[in-house]
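We name chains A, B, ... by the order of the sequence lines, and we start the count at 1 in each one. Predicted model, so just to flag it, every value in this text is computed and none were measured.
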There are 2 protein chains.
Amino acid sequence: MAGKHELHEKGLRLTPQRELVLSAVRSLGHATPEEVAEKVRETHPGINLSTVYRNLETLQNVGLVLHTHLGHGGATYHAAEELTHLHLVCGTCGSVGDAPIEAAANFVNVLADDYGFKTDVTHFAVYGTCAACVKP
Amino acid sequence: MAGKHELHEKGLRLTPQRELVLSAVRSLGHATPEEVAEKVRETHPGINLSTVYRNLETLQNVGLVLHTHLGHGGATYHAAEELTHLHLVCGTCGSVGDAPIEAAANFVNVLADDYGFKTDVTHFAVYGTCAACVKP
DNA sequence: AGCGAGTTGCGAGTTATTCGCAGTTACTAT
DNA sequence: ATAGTAACTGCGAATAACTCGCAACTCGCT
């Protein structure tokens, strides 16, 4: 039978901690390691922060989650299947908005054609000033 | 007489440390705080890292330097007058390439028109894979 | 020359992440 | 089922990159 768990298919062992980290990332959308740990603790209070970090890295290696740099320093994690948007970070109010990746299609093509650079627009946020902060 | 130093014009006191930090940023192009400190120590060995951090922040507040996020976490500083390019960071080899800001002109316009978002393309790097790493 | 706010150096404190290691556990092969 | 073993976890210590408080100093004004 083909009933293998998705983690098994990636050659990973299925532990409660690992499953919880993955489902926390999926339910949170955007999340820092700290936020993931907090979420996981709702059902598994003893989880160690190191374990969260290690599992985020492991899950990233097999392509189930990805991270994005939103600024300041810390990375935020996303489920791989949700990463269909880019992030607009407002330097004034700190809000994080979304835009579809299609908005950058032309930009990506220019970089590919002129520089041979294959761009992943979701990995880094786009910095600027949001509509609310531009207006008085 | 108009012979005021550029730091005086910004309302800052002119200290050797501050001048050295500014000229280090200018001569280095891209630089982390650590690299700036190292450069400054060539001529002023006793400078404290805190002083470098504080001066980078101060110079940034008055608009003489800017910082960009190239990934990993640390910011890199630039002289304000040199910031006429965006940064292409390769996730495979780690190299940082440049592209003129005009390459993003269309992208910036799309975000402005559709989302009212005023983009600063130089503040965050653009992530992807460089030409050398795309090819076998 | 002298005053006062702005700066500096220093060391301690924070925050975020990584590492080593010993004990435990999930899967594999009997 | 059961035992073996490599992967995984928890924990505490270590590291890295800043940030902060405070006393001493100095730049620029008068």
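Looking only at distances, a side-chain donor or acceptor of B/T68 sits under 3.5 Å from a matching main-chain atom of B/T122.
When the side-chain nitrogen and oxygen atoms of A/Q17 are compared with OP1 and OP2 of C/dT25, none of them lie within a distance under 4.0 Å. Between C/dA26 and A/T15, no contact under 4.0 Å exists linking OP1 or OP2 to a side-chain N or O. Considering only side-chain N and O atoms, A/H44 lies under 4.0 angstrom from the phosphate OP1 or OP2 of D/dG10.
Between B/P33 and A/P16, the residue anchored closer to the 5' end of DNA chain D is A/P16, taking for each the nucleotide with the nearest heavy atom. Annotation: of the two residues near DNA chain C, B/G46 and A/N48, the 5′-most nearest-nucleotide partner is B/G46.
Using cut-offs of 30° and 60° for the angle between ring planes, the B/F124 and A/F124 rings count as parallel.
The distance from atom CZ of A/R18 to atom C1' of C/dC27 is 13 Å, rounded to the nearest whole Å. Here C/dG6 presents its P atom at 16 Å from CG of B/L59, a figure rounded to the nearest Å. Counting to the nearest Å, the C1' atom of D/dA17 and the CD atom of B/E38 are 16 Å from each other. A/N55 has its CG atom 16 Å from the P atom of C/dT25, to the nearest Å. A straight line from CG of A/L14 to C1' of C/dT25 spans 12 Å, rounded to a whole angstrom. What separates CG of B/L22 from P of C/dT7 is a distance of 14 Å, to the nearest Å. Rounded to whole angstrom, the span from the CG atom of B/L56 across to the P atom of C/dT8 amounts to 11 Å. We find that CG of B/L12 is positioned 11 Å from P of C/dG6, with the value rounded to whole Å.
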Going through the distances and angles, do A/H30 and A/H78 end up as a side chain to side chain contact (heavy atoms under 4.5 Å, CB included)?
CA-CA 6 Å; A/H30 295 163; A/H78 295 68; 3.0 Å; yes
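Nucleic acid contact for B/L49: none, since no nucleic acid atom lies under 4.0 Å from a heavy atom of the residue.
Looking at A/S50, its side chain has no donor and acceptor atom pair within 3.5 Å of the base of C/dG20. Between the side chain of A/R54 and the base of D/dG10, a donor-acceptor pair under 3.5 Å is found. You'll find a donor-acceptor pair under 3.5 Å spanning the side chain of B/R13 and the base of D/dT26, going by distance alone.
Listed candidates were C/dG9, D/dG10, C/dT18. Nearest to the side chain of A/Y53 is C/dT18. Nearest to the side-chain atoms of A/I47 among the listed nucleotides D/dG10, C/dG9, D/dG28 stands D/dG10.
Counting heavy-atom neighbours within 6.0 Å of B/Q60 CD, excluding the residue itself, gives a total above 12. Under a cut-off of 6.0 angstrom, the local environment of CD in A/Q17 is crowded, with over 12 non-hydrogen atoms contributed by other residues, nucleotides or ligands.
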